[in-house]
Amino acid sequence: MDYEKAFEIAMKAHGEPVRISELPENLSRGLKQQLQLFQSLAPFVHCGFLDNANFNAVAAACNGKEFIGIYFGTTSLIARYAYCLLSDPDIFPSIGDPSAEAIEPQVIEELRCPLGTFSFSRYLPRDPVRLLAAQHLAACAYLILFAHELAHLELCHLSFLRDELGLEEHQEVTAMPLSEDEALLFRTLEWDADNSALITSLKVWRHIFPSKLDFSAIATLGAARSWSIAAQLLFWVMDFIQPQERRGLLATHPSPHARFINGVLPVSVFDILEKTC
């Protein structure tokens with residue numbers, strides 16, 4: 001059985017695999033680049049996007065193979081927040097022409113309720129440089145998410161969850177109720193995955209930032225700062241989209257503030273100091 005068929009079987013509960021070749025060129029190009037990067041980082045893991053409009057990512061093992069599935073809704077929502085960020089003329093004024101931008105109140109209101117429906121309000125920055133910068137930040141957030149799911153596999157979290165809770169996969173967003181001990185277990189694994197993913201993703205981002213792709217749109221931010229912004233973007237979006245049925249229940253992930261203090265801040269400061277010494 002080839003990996004594509006095995007991926008389809010392993011992820012059947014989450015949606016059909018996205019056929020990238022069938023997407024419009026403006027969508028397929030970015031997804032292809034993401035998958036090529038992920039494959040180069042972990043050739044032993046089959047990663048793909050799932051035709052599911054919700055926000056989630058799944059690490060799973062099936063028949064001796066390992067898989068990472070990323071919901072298509074995840075990439076869409078992260079991109080929306082990145083676009084909204086660069087559509088504010090007061091955010092990163094050194095990038096492009098901020099005077100071309102204007103805050104759209106309807107967009108802000110919709111992003112405050114990310115689990116609701118979205119209208120056809122304008123999300124895209126008007127200035128092409130700022131649009132490209134938003135796409136770069138979103139791409140970095142996707143990289144961090146992939147590295148996080150990869151850490152769940154490499155650090156044997158799936159084997160541990162199978163032995164302790166009888167689970168065959170790890171979902172980033174879950175609505176199931178958890179006991180105090182189970183919630184503590186999940187948060188511990190998330191700390192562990194964060195520590196690995198943040199270091200790995202920063203190393204990769206630093207490597208591709210100046211030499212592999214045209215990052216001129218975010219050159220004023222630099223590799224470490226743009227990575228830090230992307231990490232915070234990802235963590236805050238993941239916090240925003242927790243299901244309503246989990247409100248008031250025990251948390252399965254550290255808060256965005258805790259994740260920033262624990263991982264993003266120390267790693268990014270170390271990166272800056274390392275480059276100046």
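None of these values were measured; they are calculated from a predicted model.
- Within the 4.5 Å cutoff, side-chain heavy atoms of L184 are placed close to those of R187.
- Here the rule is side chain to side chain contact (heavy atoms under 4.5 Å, CB included) with L86, and of L137, L131, I218 only L137 fits it.
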side-chain contact (heavy atoms from CB on, under 4.5 Å) between F67 and C47, intermediate numbers included: CA-CA 6 Å; F67 306 92; C47 180; over 6 Å; no

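- By the side chain to side chain contact (heavy atoms under 4.5 Å, CB included) test, L158 is found to be paired with A61, L153, H170, residues two or more places apart in sequence or in another chain being considered.
- In terms of hydrophobic clustering, with Ile, Leu, Val, Met, Phe, Trp and Tyr side chains grouped at heavy-atom distances under 4.5 Å, L234 and L221 are assigned to a common cluster.
- Looking at E110 and R80, no side-chain N of the basic residue comes within less than 4.0 Å of a carboxylate O on the acidic one, giving no salt bridge.
- Pairs passing the ring-ring contact (aromatic ring centres under 6.0 Å, His included) check and including a residue from residues 22-45, sequence neighbours excluded, read F38-F146.
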Derivation and outcome, side chain to side chain donor-acceptor pair (under 3.5 Å), residues N56 and H14: CA-CA 9 Å; N56 217 333; H14 301 280; 5.7 Å; no

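- Classification of the F240-W236 ring pair by plane angle, with boundaries at 30° and 60°, yields tilted.
- In this structure H136 satisfies the ring-ring contact (aromatic ring centres under 6.0 Å, His included) test together with F215, sequence neighbours excluded.
- Using a cut-off of 4.0 Å between Lys/Arg side-chain N and Asp/Glu carboxylate O, E104 and R126 are scored as salt-bridged.
- Put simply, the side chain of F92 reaches to within 4.5 Å of the side chain of R225, judged on heavy atoms.
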